[in-house]
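Note sheet for the following structure.
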Amino acid sequence: QVQLVESGGRLVQAGDSLTLTCVTRGGIYSDNAMGWFRQAPGKGRDFVAGIDGQGRRTTYADAVKGRFTISRNNAENPLYLQRISLRPEDTAVYYCAARRSSLGTVHILSQANQYNDWGRGTQVTVSS
């Protein structure tokens, strides 16, 4: 079963902004940290942004600092929201990641292996 569903990706022009959303199934993550990762053509899956379980602490990759904002609600079934001001280099498939509370707390938000559930991804394409 898919536990995370991303949405919001589309084709945009450089300088435009959009919002990506990740919706989770209720009750399985229990306010654990969540993260966004991305994979560009020919590259690995890289960390983008992370947020702790209560939305109190955020972490960003250097490449997106000052341009992206990650946020979430405080419900048991969190809504994960990211706002971005885009460059062509941001073109990638963006993935939402989460760790089930039964497996323990995420401590390093940027570490991919901290997460056990991944969405299928949403494509963001930025043209010049």
Seminar exercise, completed: Here the gap from I28 atom CD1 to S101 atom OG, rounded to the nearest 0.5 Å, amounts to 8.5 Å
Exercise. Under the 3.5 angstrom rule, does the side chain of R67 hit a backbone N or O of A63 as a donor-acceptor pair?
Worked result: yes
Exercise. In Å and rounded to the nearest 0.5 Å, what is the CD to OG1 distance from Q111 to T59?
Worked result: 12.5 Å
Seminar exercise, completed: Minimal heavy-atom distance between W118 and A112, with the atoms involved, is CZ2-O, 3.6 Å
For this session: Drop me the distance from S110's OG to Y60's OH, to the nearest 0.5 angstrom.
Result: 13.5 Å
Exercise. Between P88 and S128, what is the shortest heavy-atom contact and its length?
Worked result: CG-OG, 3.5 Å
Exercise. About how many Å separate CG of L109 and CZ of F47, when rounded to the nearest 0.5 Å?
Worked result: 6.0 Å
Exercise. Are Q123 and T91 side-chain neighbours, meaning at least one heavy-atom pair lies under 4.5 Å?
Worked result: yes
Exercise. Taking the side chain from Q114 and the backbone from H107, do they hold a donor-acceptor pair closer than 3.5 Å?
Worked result: yes
Problem set entry | Non-neighbouring partners of Y94 that pass ring-ring contact (aromatic ring centres under 6.0 Å, His included), sequence neighbours left out | none
Exercise. Between V12 and T125, is any pair of side-chain heavy atoms under 4.5 Å apart?
Worked result: no
Problem set entry | side-chain contact (heavy atoms from CB on, under 4.5 Å) evaluation trace for R10 with L18 | CA-CA 8 Å; R10 66 180 191 273; L18 58 75; 3.4 Å; yes
Exercise. From S102 OG over to N116 CG, what is the distance, rounded to the nearest 0.5 angstrom?
Worked result: 7.5 Å
Problem set entry | Sub-4.5 Å side-chain heavy-atom contact between L20 and T122 | yes
Problem set entry | Worked verdict on T105 versus N32 for side-chain contact (heavy atoms from CB on, under 4.5 Å) | CA-CA 6 Å; T105 301; N32 211 349; 3.8 Å; yes
Exercise. Pairs in or reaching into residues 37-49: which pass salt bridge (Lys or Arg N to Asp or Glu O under 4.0 Å), with residues at least two apart or in two chains?
Worked result: R38-D90
Exercise. So, do R100 and Q3 sit near enough that their side-chain heavy atoms are less than 4.5 Å apart?
Worked result: yes
Exercise. Given the rule in the side-chain contact (heavy atoms from CB on, under 4.5 Å) test, do Y115 and V106 qualify, once you have shown the distances and angles that lead to the verdict?
Worked result: CA-CA 7 Å; Y115 304 96; V106 175; 4.0 Å; yes
Exercise. Taking all atoms of both residues into account, what is the closest heavy-atom pair of A33 and R72, and its distance?
Worked result: CA-NH1, 3.9 Å
Exercise. With distance as the sole test, does E6 use its side chain to make a donor-acceptor pair with the main-chain N or O of C96 at under 3.5 Å?
Worked result: yes
For this session: Would you confirm whether R99, through its side chain, and G104, through its main-chain N or O, come within 3.5 Å as a donor-acceptor pair?
Result: yes
For this session: Assess the pair Y95 and F37: is the distance between their ring centroids shorter than 6.0 Å?
Result: no
